[in-house]
Amino acid sequence: MGRWAIAVHGGAGVDPNLPQQRQEEAKLLLTRCLNLGISALRSDRSAIDVVELVVRELESDPLFNSGRGSALTAKGTAEMEASIMDGHGRRCGAVSGLTTVKNPVSLARLVMDKSPHSYLAFSGAEEFARQQGVEVVDNEYFITEENLGMLKLAKEANTIVFDYRIPVAGLETCSAGVESPLLMNGLPISVYSPETVGCVVVDSEGRCAAATSTGGLMNKMSGRIGDSPLIGAGTYACNICGVSCTGEGEAIIRGTLAREVAAVMEYKGLDLQEAVDYVIKERLDEGQAGLIAVSNKGEVACGFNTTGMFRGFATEDGFMEVGIWE
């Protein structure tokens with residue numbers, strides 16, 4: 001028997017001027033999700049069950065960019081994506097282009113468990129959801145007034161805006177404003193703070209699992225797919241670790257970030273935190289991202305090259321921590 005451990009994240013890249021109230025709201029949500037996972041692990045739920053349970057909770061709260069509260073496409077709709085992976089046998093499921101499925105991570109789980117495939121998208125994924133009887137809602141359920149305001153600003157600036165939480169009033173105070181934009185695939189973006197959610201778990205049997213869910217980028221092109229549903233990029237789990245990534249999706253895809261953590265542990269013999277640090281430093285080029293990870297030894301780790309990352313950790317030996325900044 002090993003030691004269980006859990007980590008959650010709500011996105012990497014946090015504006016330093018984020019209001020204190022928003023910071024506290026984020027910490028409370030992460031703490032609630034950690035406690036939910038801890039309770040499930042103490043009840044001997046499997047790692048794959050726990051990551052689904054926790055990410056469902058994150059999708060149901062509009063604070064972060066997944067499920068309800070998802071960032072909006074240029075057309076003003078929510079298009080969501082998610083993936084889940086069981087390190088025991090490296091089974092996986094992923095979905096993209098969802099517009100009515102209330103909890104995308106659970107549909108990803110059903111793709112893994114109930115279909116012959118690993119990835120379903122758009123109308124095919126929606127049809128599969130109805131065949132499986134999952135809960136569906138109107139697209140309006142996912143849309144918030146705050147996101148509509150951010151989409152309006154993005155359209156006026158003719159750019160992609162990452163951070164849907166920054167209040168519309170006072171946008172000019174954001175630290176990563178349009179005066180010195182970052183680039184994504186060579187094109188400018190105005191505010192950098194993606195808020196994908198994710199969870200990684202190792203249970204007392206030493207089984208690792210990971211899940212990631214997001215609404216993507218504010219003002220993204222309809223049909224854009226990021227790293228979150230891509231196994232090996234945004235999500236990966238095997239017999240030695242579980243990883244969930246967040247940040248600049250295009251950079252994470254190019255660097256196959258989640259798989260790289262497992263690869264350097266396996267091939268270079270690095271421990272978990274060493275592997276995370278190596279990957280963040282060596283595999284992102286000029287991209288910005290973060291990740292959380294657990295190992296089959298009950299270890300937790302995180303790494304990011306952004307101004308902050310919403311994250312929380314807990315282990316069986318009593319360690320628990322929730323943070324945003326370095």
Side-chain angles (χ1 to χ4, degrees), residues 7-18 22-23 26 30 64-66 70-71 81 150 154 157 159-166 171 173-198 200 210 212-221 224-230 232-236 243-261 264 273 275-293 301-312 323-326:
V8 297
H9 74 74
V14 186
D15 188 82
N17 296 320
L18 185 67
R22 294 297 186 95
Q23 296 183 37
L30 293 170
F64 293 134
N65 175 14
S66 66
S70 284
E81 52 196 25
M150 287 303 297
T159 188
I160 294 169
V161 177
F162 279 91
D163 189 0
Y164 82 105
R165 285 172 307 96
I166 295 175
L171 182 67
T173 66
C174 295
S175 64
V178 293
E179 296 83 2
S180 55
L182 296 164
L183 300 178
M184 173 174 284
N185 284 347
L187 299 174
I189 58 175
S190 64
V191 180
Y192 186 83
S193 190
E195 294 189 352
T196 295
V197 305
V200 292
T212 312
S213 180
T214 190
L217 311 180
M218 186 67 73
N219 201 28
K220 68 181 179 180
M221 295 174 64
R224 182 261 185 183
I225 294 173
D227 67 286
S228 297
L230 300 184
T235 303
Y236 190 74
V243 184
S244 175
C245 299
T246 173
E248 184 186 335
E250 279 66 13
I252 294 170
I253 292 168
R254 293 194 302 269
T256 57
L257 219 62
R259 167 58 187 159
E260 285 290 288
V261 173
V264 296
Q273 188 64 62
V276 168
D277 292 342
Y278 177 85
V279 167
I280 292 295
K281 181 179 179 181
E282 301 294 338
R283 292 294 183 262
L284 274 170
D285 301 319
E286 295 182 357
Q288 296 201 23
L291 61 86
I292 54 173
C302 78
F304 52 94
N305 64 357
T306 60
T307 54
M309 181 169 74
F310 297 103
R311 77 254 184 211
I324 301 174
W325 315 110
E326 286 198 52

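Keep in mind that this is a model prediction, so the values were computed, not measured. For the single chain, residues carry numbers from 1 onward in sequence order.
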Test item: [X] side-chain N/O and [Y] main-chain N/O as donor-acceptor pair under 3.5 Å:
{"X": "Glu81", "Y": "Ile225", "answer": "no"}
{"X": "Asn65", "Y": "Leu217", "answer": "no"}
{"X": "Lys220", "Y": "Gly215", "answer": "yes"}
{"X": "Glu260", "Y": "Gly255", "answer": "no"}

Over all atoms of both residues, closest heavy-atom pair of [X] and [Y]:
{"X": "Ala71", "Y": "Gly216", "value": "CB-O, 3.6 Å"}
{"X": "Gly198", "Y": "Ser244", "value": "CA-OG, 3.5 Å"}
{"X": "Ala258", "Y": "Cys245", "value": "N-SG, 3.8 Å"}
{"X": "Glu326", "Y": "Arg311", "value": "CA-NH2, 4.3 Å"}

Going by the rule side-chain hydrogen bond (donor to acceptor under 3.5 Å, both in side chains), which residues pair with [X] if we only count those two or more places apart in sequence or in a different chain?
{"X": "Thr235", "value": "Ser83, Thr212"}
{"X": "Ser228", "value": "none"}
{"X": "Glu282", "value": "none"}
{"X": "Asp277", "value": "Gln273"}

To the nearest 0.5 angstrom, please state how far the [atom1] atom of [X] sits from the [atom2] atom of [Y].
{"X": "Arg254", "Y": "Leu257", "atom1": "CZ", "atom2": "CG", "answer": "11.0 Å"}
{"X": "Trp325", "Y": "Gln23", "atom1": "CH2", "atom2": "CD", "answer": "5.0 Å"}
{"X": "Glu248", "Y": "Thr306", "atom1": "CD", "atom2": "OG1", "answer": "11.5 Å"}

How would you list, by chain and number, every residue that makes a side chain to side chain contact (heavy atoms under 4.5 Å, CB included) with Ala293, sequence neighbours excluded?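 Val243, Leu272, Val276, Leu291.
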
With sequence neighbours excluded, tell me which residues meet side chain to side chain contact (heavy atoms under 4.5 Å, CB included) with Ala233.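 Residues passing side chain to side chain contact (heavy atoms under 4.5 Å, CB included) with Ala233: Asp227, Leu230, Ile252, Ile253.
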
Within a strict 4.5 Å, meaning less than it, do heavy atoms of the Cys302 and Met309 side chains meet? yes

Would you mind telling me which of Thr214, Thr246, Leu30, Thr196 makes a side chain to side chain contact (heavy atoms under 4.5 Å, CB included) with Phe64?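 Among Thr214, Thr246, Leu30, Thr196, the one meeting side chain to side chain contact (heavy atoms under 4.5 Å, CB included) with Phe64 is Leu30.
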
Between Ser66 and Ser213, a side-chain donor and acceptor under 3.5 Å: no

